[in-house]
Amino acid sequence: MRTLESLGDLRSQTVIVRCDLNVPLSDGQITDDGRIRASLTTIRELSARGARLVVISHLGRPGGVIDEQYSLRPVAARMGELLDTPVSFSDTLLGHDAEAARTGLSDGEVLVLENLRFHPEETSKDAQVRREFAEQLAQGADAFVSDGFGVVHRQQASVTELAQALPSAAGRLVEAELGVLKRLTEDARSPYTVVLGGSKVSDKLGVIDHLLKRVDTLLIGGGMLFTFLAAQGHDVGASLLEADQLDRVREYLAEAEERGVTIVLPTDVVVAQSFAADAAHLVVAADAIESSPFGETGLGLDIGPDTARRFAEIIRESATVFWNGPMGVFEMAAFAAGTRAVAEALTDTPGYSVVGGGDSAAAVRQLGFADSDFDHISTGGGASLEFLEGKSLPGLEVLA
Ligand code: ADP
Ligand code: MG
């Protein structure tokens with residue numbers, strides 16, 4: 001993969017940097033600026049090398065039309081604060097004004113352009129449409145740096161076609177994320193434990209399939225645990241259940257046994273009367289959910305305390321731990337204990353600890369952990385999972 005070294009002397013060169021500045025917003029305020037911070041290493045380095053930087057990104061899903069609530073203007077302002085230097089903003093991506101803003105840049109200066117996804121061409125399924133859009137974006141630029149790790153698994157104009165339209169290289173964030181993922185695939189030290197949770201088992205089956213060949217232990221929590229329990233013949237009340245995945249889950253359980261991989265399923269769970277922050281709830285044995293006072297309508301919303309303790313012990317004794325997917329509905333305090341226990345164990349383990357996934361990263365921050373408590377928190381959930389599934393990522397292929 002080509003890195004920034006390959007671009008040579010950048011003094012007075014106009015460099016387009018594709019970042020993933022897709023931050024969560026609430027009432028126009030940025031609620032987590034982690035992705036902006038993660039983009040700064042590359043921006044600082046290019047700026048110090050005298051390049052004139054044009055930063056592009058998407059934000060939210062405006063669906064190919066201009067929608068002010070998804071403007072990158074507040075992101076540009078925040079980036080300026082974090083860099084402690086003015087960052088200019090153009091409220092158009094293409095055309096006269098954007099061009100004027102670009103040609104007005106001096107060496108080392110940074111300009112952020114408006115949201116790529118205000119234009120339907122960015123995510124068009126038609127390669128020719130994407131190519132023409134990328135050529136328009138490339139006009140007046142000398143080089144392209146791909147640093148939006150969260151989008152490298154996407155075939156989109158600013159990720160793939162733009163990299164082909166200009167001399168291009170991966171930025172430092174993409175380089176760092178890949179280094180971590182390689183450490184989790186090729187060079188993982190044993191005992192290697194993967195903790196999986198989150199909502200949908202169908203999203204994660206690909207990664208389970210791939211990881212069974214590599215890991216020693218798989219800990220299963222979150223909404224997906226109920227499909228595993230059901231696959232073993234237990235009733236799970238009204239908990240999340242993907243009935244169409246039962247056969248596949250059974251196959252994985254059998255494959256794990258064959259390969260000597262230990263799949264650890266919860267022995268106790270927190271069952272609630274309804275899906276609400278203040279719902280009545282209690283801890284029950286994992287094989288007795290329907291015997292709880294809530295019967296068939298009881299919902300499992302977190303792993304229980306015994307399970308949390310057992311998961312934490314295994315994590316603390318691992319040399320490598322990768323965690324994706326909250327253990328319960330952490331957004332509600334009553335169902336956050338399992339996620340907290342797993343997060344805590346990752347921060348304590350002497351092993352190499354990595355958190356991947358958008359909601360998982362949000363969960364650890366919401367629960368008060370710092371990014372530095374872990375060896376790495378990935379900025380790209382989908383991209384890391386697809387990499388761990390062994391898929392090739394189009395945004396990296398073009399930088400080969
Ligand atoms: P990530 O983004 O880290 O990959 P996911 O998107 O797979 O994680 O899942 C996150 C969501 O899973 C959270 O919103 C959480 O509330 C939900 N979740 C976790 N456990 C349960 C459960 N037992 N029932 C329903 N939803 C759950
Ligand atoms: Mg998610």
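In each ligand, atom 1 is the first atom listed, and ligand 1 is the first ligand listed.
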When you look for heavy atoms under 4.0 Å from ligand 1, do you find them on the side chain of Leu299, its backbone, both, or neither?
neither
Testing Asn324, Leu219, Val355 for side chain to side chain contact (heavy atoms under 4.5 Å, CB included) with Val195, which one passes?
Leu219
Which residue and non-hydrogen atom of the protein lie closest to atom 15 (C) of ligand 1, and at what distance in Å?
Glu331 OE1, 3.6 Å
When rounded to the nearest 0.5 angstrom, what distance separates OG1 in Thr160 from CD in Gln155?
4.0 Å
May I ask whether Asp203 has any heavy atom positioned less than 4.0 angstrom from an atom of ligand 1?
no
The closest protein heavy-atom partner of atom 7 (O) of ligand 1 is Lys204 NZ, 2.8 Å
For Thr42 and Leu4, the nearest pair of non-hydrogen atoms, with its separation, is CG2-CD1, 4.3 Å
Sub-4.0 Å heavy-atom approach of Met332 to ligand 1
no
Among N, O or S atoms, Asp359 approaches the Mg ion (ligand 2) most closely through OD2
Heavy-atom proximity to atom 8 (O) of ligand 1 ranks first, among Pro326, Gly197, Ala361, for Pro326
Angle between ring planes, Phe133 versus His119, binned at 30° and 60°: parallel, tilted or perpendicular?
tilted
How about CD1 on Ile66, more than 12 heavy atoms from neighbouring residues, nucleotides or ligands closer than 6.0 Å, or not?
no
Gly300 touching ligand 1 at heavy-atom level, < 4.0 angstrom:
yes
With a 3.5 Å cut-off and no angle check, do the side chains of Ser190 and Asp216 form a donor-acceptor pair?
yes
A student comparing Ala362, Ser199, Gly221 should find that the heavy atom closest to atom 12 (O) of ligand 1 comes from Ser199
Yes or no: does Phe226 have any heavy atom under 4.0 Å from an atom of ligand 1?
yes
Answer yes or no for Arg61 and Tyr70: cation-pi contact, defined as NZ/CZ to six-membered ring centre under 6.0 Å and angle to ring axis within 45°.
no
Can you tell which part of Asp359 has a heavy atom less than 4.0 Å from ligand 1: side chain, backbone, both or neither?
both
